[in-house]
Q: 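My questions all concern the structure below.
Note that the coordinates shown come from a computational prediction; the quantities given were computed from them, not determined experimentally.
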Amino acid sequence: MTDTATGYKILLVDDDQFVLEGLQILLDDNYSTVSVDSGPAAIEIVKSDEAIAVVVMDIKMPGMSGLEAAREIRLVNPGIRIIFHTGFPGQYSEDQIDKDEKPFDYVQKGGAVSRLTRSVRNAFDSFLSHSDQVQLISFAADNLGLIGNSQGMQEVYRSIAKIAASDSKVMILGETGTGKELVARGIHKLSSRRDRHLVIFNCNHKAPDLVESELFGHAKGSFTGAVSDNIGLFEYANGGTIFLDEVGDLDITTQAKILRVLESGEFQVVGKSTELKKTDVRILCATHRDLELMVAENKFREDLYYRLKGIIITVPPLRNRKEDIPLLTQRFLDRATVERNRMPKYIDATGMGILLSQEWPGNVRQLQDTIESLVVLTDSDVIFAEDVQRYLGEEPSGVSFQDQPGLSERTLQFRRNCIIEALHESEGNVSSAARLLQVDSANLRKWIKNYGIETG
């Protein structure tokens, strides 16, 4: 893929001008390149140009070696792919460099040209793939309220993006508390029906008569307490989307009436048996039940199951995506503190370890309730393992002093909290926040990105 489609660049670093000219001739047809002749110059380019995707760099250079420059570059942008292109690695072996520096690749000068071009192409594609993931994750968090970097959640984001524009029926599967309603809201928000109503209806723990009245409406006098005509949700959502949560809890009679809506768009208002109404809605549904088993047990209509099934999105349980727990925890901490004009709090490493060790049967909803409760119940600004264990009803494990966070971690947490406070005070304006903190706005933007702080 060329830079004309992406806008990204390759940075060439070598103290030999002839080598730089050769690399430019080799790569310029397919990529936009930038050339410098030293490590410090390379670092400055990376700091000033966020479009750098790949660095092809010599190791032995005057003043600063390529190894030293690579370490500094990673501090600025950890996502950049670095290829060492060298004829003399110095005192370190290739295996040692690979182990310690972990470059994307290591290519000897003087070898086959195809070896280098293939390495550059793979590095460029790898960067683009990672960049797409970052954008997808950021979009889901900023626009859909869905938080998580795990592969399982990325699959959910991709599915939402693919199917939102269509009118396909969608069945959202997942345990209670995984975020099925957020998925439904995301699909509606990205659909062509976004300007019409989205109706959320929970089907469980409701009497069949009440369900029918809410879905299809009722006429005055149709039952005790019906003192006036009332439109139903299918009529209210006409042109929009209706989300039937826990659809497996519907009784058989109501299932038949929903099947009629799916087949013809028609329904009857309760108490008006001679009058048919029409509706144009997109139906999304969700359940934590095994509907196929319910069909086999004659508890759910087979014809309705296949009409509702459409495209299936499965939201993974939190225990299967524990790598998302720190990100979710920080988001819930922010919501419970700075977004409510309270002093920020953070969970130390020992407390996070306890959170990561849990199975979370209530999934994300349970984690959110836990964090919000800990914010209220914990007097200090730091939530430790003992605080988490006490809330969860566990015996304190007697965490030793050595398990407490060190100065470096505490300093980073303090800096992050200061930035969050400044952004909150400046209503998300980075330049204003930089003035409050008396720091350079470019550096502040990098810290915001590195610390995963939301500015929206």
Q: Say whether, by atom type as modelled, one donor and one acceptor occur between the side chain of Ser357 and the main chain of Ile354 under 3.5 angstrom.
A: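 Answer holds: yes.
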Q: Which pair of heavy atoms, one from Pro317 and one from Thr178, lies closest together, and at what distance?
A: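 Shortest heavy-atom separation between Pro317 and Thr178 comes out as CA-CG2, 3.9 Å.
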Q: Considering all heavy atoms of both residues, which atom of Val281 and which atom of Ala237 are nearest to each other, and what is their separation?
A: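 Smallest heavy-atom distance, with atoms named: CG1-O, 3.3 Å.
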Q: From Lys9 NZ over to Ile45 CD1, what is the distance, rounded to the nearest 0.5 angstrom?
A: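 Here the rounded value is 8.0 Å.
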Q: When you look at Leu284 and Lys169, which way does the side chain to side chain contact (heavy atoms under 4.5 Å, CB included) test go after all the steps?
A: CA-CA 6 Å; Leu284 312 175; Lys169 290 175 286 294; over 6 Å; no
Q: For Glu50, I'd like to know if atom CD has over 12 heavy atoms of other residues, nucleotides or ligands within 6.0 Å.
A: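 Counting neighbours around CD of Glu50, 12 or fewer heavy atoms of other residues, nucleotides or ligands fall under 6.0 Å, so no.
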Q: Quick one: are Asn77 and Ile52 in side-chain contact, heavy atoms under 4.5 Å?
A: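 Side-chain contact under 4.5 Å: no.
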Q: Is Tyr31 close to Val54 at the side-chain level, that is, under 4.5 Å between some pair of heavy atoms?
A: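 No, every pair of side-chain atoms sits at 4.5 Å or beyond.
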Q: Are the side chains of Ile419 and Ile448 in touch, meaning some heavy atoms are under 4.5 Å apart?
A: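 Yes. Closest side-chain heavy atoms under 4.5 Å.
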Q: Is there a donor-acceptor contact under 3.5 Å from the side chain of Arg115 to the main chain of Ala112?
A: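 Checking the backbone N and O of Ala112 against the side chain of Arg115, no donor-acceptor pair under 3.5 Å is found.
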Q: With sequence neighbours left out, write down each residue that passes side chain to side chain donor-acceptor pair (under 3.5 Å) with Thr314, or none if nothing qualifies.
A: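 Partners of Thr314 under the side chain to side chain donor-acceptor pair (under 3.5 Å) test: none.
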Q: Would a 4.5 Å heavy-atom cut-off, applied to side chains only, mark Phe300 and Leu308 as touching?
A: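 The answer is yes, as the side chains (C-beta and beyond) meet within the 4.5 Å cut-off.
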Q: Once rounded to the nearest 0.5 Å, what's the spacing between atom CD1 of Ile172 and atom CD1 of Ile312?
A: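 Output value for this atom pair is 11.0 Å.
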Q: Which heavy atom of Asn149 sits nearest a heavy atom of Gln154, and at what distance?
A: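 The answer is O-NE2, 2.8 Å.
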Q: Looking at His197 and His188, what are the two nearest heavy atoms and their distance?
A: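 Between these two residues, the closest heavy atoms are O-CE1, 3.7 Å.
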Q: Please confirm whether the backbone N or O of Leu333 pairs with a side-chain atom of Tyr346, one donor and one acceptor, at under 3.5 Å?
A: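 Side chain of Tyr346 to backbone of Leu333: no pair is present.
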Q: Looking at every heavy atom in both Asp387 and Phe384, which two are closest together, and how far apart are they?
A: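 Result for this residue pair: OD2-N, 2.8 Å.
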Q: Got a second to check how far Asp15's CG is from Leu20's CG, nearest 0.5 Å?
A: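 So the gap between those two atoms works out to 8.5 Å.
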Q: Please report the shortest heavy-atom distance between Ile147 and Tyr157, naming the atom on each side.
A: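 Closest pair (atom of Ile147, atom of Tyr157, distance): C-OH, 3.5 Å.
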Q: Between Arg390 and Glu386, is the salt bridge (Lys or Arg N to Asp or Glu O under 4.0 Å) condition met? List the steps.
A: CA-CA 6 Å; Arg390 190 178 299 112; Glu386 292 88 345; over 6 Å; no
Q: Above 12 or not: heavy atoms from other molecules or residues under 6.0 Å from NZ of Lys162?
A: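 Atom NZ in Lys162 is not crowded, with 12 or fewer foreign heavy atoms closer than 6.0 Å.
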Q: Say whether, by atom type as modelled, one donor and one acceptor occur between the side chain of Ser166 and the main chain of Ser168 under 3.5 angstrom.
A: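 At least one qualifying donor-acceptor pair exists.
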Q: Report the distance from atom CD1 of Ile10 to atom CG of Leu23, rounding to the nearest 0.5 Å.
A: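 Going from the CD1 atom of Ile10 to the CG atom of Leu23 covers 10.0 Å.
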Q: Taking atom OH of Tyr236 as the centre, report whether more than 12 heavy atoms of other residues, nucleotides or ligands fall under 6.0 Å from it.
A: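 No, not enclosed.
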Q: Do Ile80 and Arg74 have side chains that get closer than 4.5 Å, going by heavy atoms?
A: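 No; the side chains remain at least 4.5 Å from each other.
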Q: Give a yes-or-no answer on whether the side chains of Gln368 and Glu372 include a donor-acceptor pair shorter than 3.5 Å.
A: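 There is such a pair (donor and acceptor under 3.5 Å, judged by atom type) between the side chains of Gln368 and Glu372.
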Q: Backbone N or O of Leu355 within a donor-acceptor pair of the Trp360 side chain at under 3.5 Å?
A: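 Yes.
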Q: Just how far is it from atom CE of Met57 to atom CG of Leu12, taken to the nearest 0.5 Å?
A: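 Taking CE in Met57 and CG in Leu12, the distance rounds to 11.0 Å.
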Q: Under a plain distance cut-off of 3.5 Å, with no hydrogens placed, do Arg193 and Thr241 share a side-chain donor-acceptor pair?
A: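 No - no donor-acceptor pair under 3.5 Å links their side chains.
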Q: For Glu302, does the CD atom have more than 12 heavy-atom neighbours from other residues, nucleotides or ligands under 6.0 Å away?
A: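 Open: at most 12 neighbouring heavy atoms sit under 6.0 Å from CD of Glu302.
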Q: Start with the C-alpha distance between Leu328 and Arg331, add both sets of side-chain angles, then the distance that settles side chain to side chain contact (heavy atoms under 4.5 Å, CB included), and finish with yes or no.
A: CA-CA 5 Å; Leu328 286 162; Arg331 184 69 187 102; 5.6 Å; no
Q: Tell me, with the steps shown, if Tyr391 and Ser373 meet side-chain hydrogen bond (donor to acceptor under 3.5 Å, both in side chains).
A: CA-CA 8 Å; Tyr391 176 78; Ser373 298; 3.3 Å; yes
Q: Please determine which of Arg365, Lys180, Arg319 meets the side chain to side chain donor-acceptor pair (under 3.5 Å) test together with Glu175.
A: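 The single option meeting the side chain to side chain donor-acceptor pair (under 3.5 Å) with Glu175 is Arg319.
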Q: Tell me, yes or no, whether the heavy-atom count around Arg158 atom CZ, taken from other residues, nucleotides or ligands under 6.0 Å, exceeds 12.
A: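 Above 12, so yes.
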Q: Check the pair Asp14, Lys109 against salt bridge (Lys or Arg N to Asp or Glu O under 4.0 Å), reporting the backbone distance first and the verdict last.
A: CA-CA 12 Å; Asp14 202 297; Lys109 289 181 179 178; 2.8 Å; yes
Q: Is there a side chain to side chain contact (heavy atoms under 4.5 Å, CB included) between Val55 and Phe104 once you walk through the steps?
A: CA-CA 10 Å; Val55 177; Phe104 182 84; over 6 Å; no
Q: What distance do Asn238 atom CG and Thr279 atom OG1 have between them, rounded to the nearest 0.5 Å?
A: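 Answer rounded to 0.5 Å: 4.0 Å.
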Q: When you measure from the side chain of Lys345 to the backbone N and O of Thr378, does any donor-acceptor pair fall under 3.5 Å?
A: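 Yes; judged by distance alone, with no hydrogens or angles, the pair exists.
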Q: Tell me if a side-chain donor or acceptor on Gln438 pairs with a main-chain N or O of Arg435 at a distance below 3.5 Å.
A: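 Answer holds: no.
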Q: Do Lys189 side-chain atoms and Asn143 backbone N/O form a donor-acceptor pair below 3.5 Å?
A: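 Flag set: sc Lys189 to bb Asn143 pair under 3.5 Å.
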Q: Please table the atom pairs, donor to acceptor, closer than 3.5 Å between any side-chain atom in residues 33-44 and protein atoms at least two apart or in another chain.
A:
| residue | atom | partner | partner atom | Å |
| --- | --- | --- | --- | --- |
| Thr33 | OG1 | Asp28 | OD1 | 2.6 |
| Ser35 | OG | Gln24 | NE2 | 3.0 |
| Ser38 | OG | Ala41 | N | 3.3 |

Q: Any side-chain heavy atom of Ile283 sitting closer than 4.5 Å to one from Val170?
A: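 No - every pair of side-chain heavy atoms lies 4.5 Å or more apart.
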Q: Under a 4.5 Å cut-off applied to non-hydrogen side-chain atoms, are Phe124 and Arg81 in contact?
A: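 With C-beta onward as the side chain, the pair stays apart.
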Q: Is it true that, when you exclude Lys47 itself, more than 12 heavy atoms of the residues, nucleotides or ligands shown sit nearer than 6.0 Å to its NZ?
A: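 Atom NZ in Lys47 is not crowded, with 12 or fewer foreign heavy atoms closer than 6.0 Å.
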Q: With sequence neighbours left out, write down each residue that passes side chain to side chain donor-acceptor pair (under 3.5 Å) with Ser119, or none if nothing qualifies.
A: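 With neighbours one apart ignored, the set is Asp105.
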Q: For residues Arg185 and Leu144, determine if any side-chain heavy atom of one lies less than 4.5 Å from a side-chain heavy atom of the other.
A: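 In short, these two side chains do not touch, never coming nearer than 4.5 Å.
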Q: Determine, stepwise, if the pair Val364 / Phe332 fulfils side chain to side chain contact (heavy atoms under 4.5 Å, CB included).
A: CA-CA 10 Å; Val364 177; Phe332 298 148; 3.7 Å; yes
Q: Using the benzene-type ring in the case of Trp, are the ring centres of Phe127 and Tyr8 under 6.0 Å apart?
A: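 Between Phe127 and Tyr8, the centre distance is under 6.0 Å.
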Q: For Arg340 and Arg335, indicate whether the former's side chain and the latter's backbone hold a donor-acceptor pair under 3.5 Å.
A: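 Such a contact is found between Arg340 side chain and Arg335 backbone.
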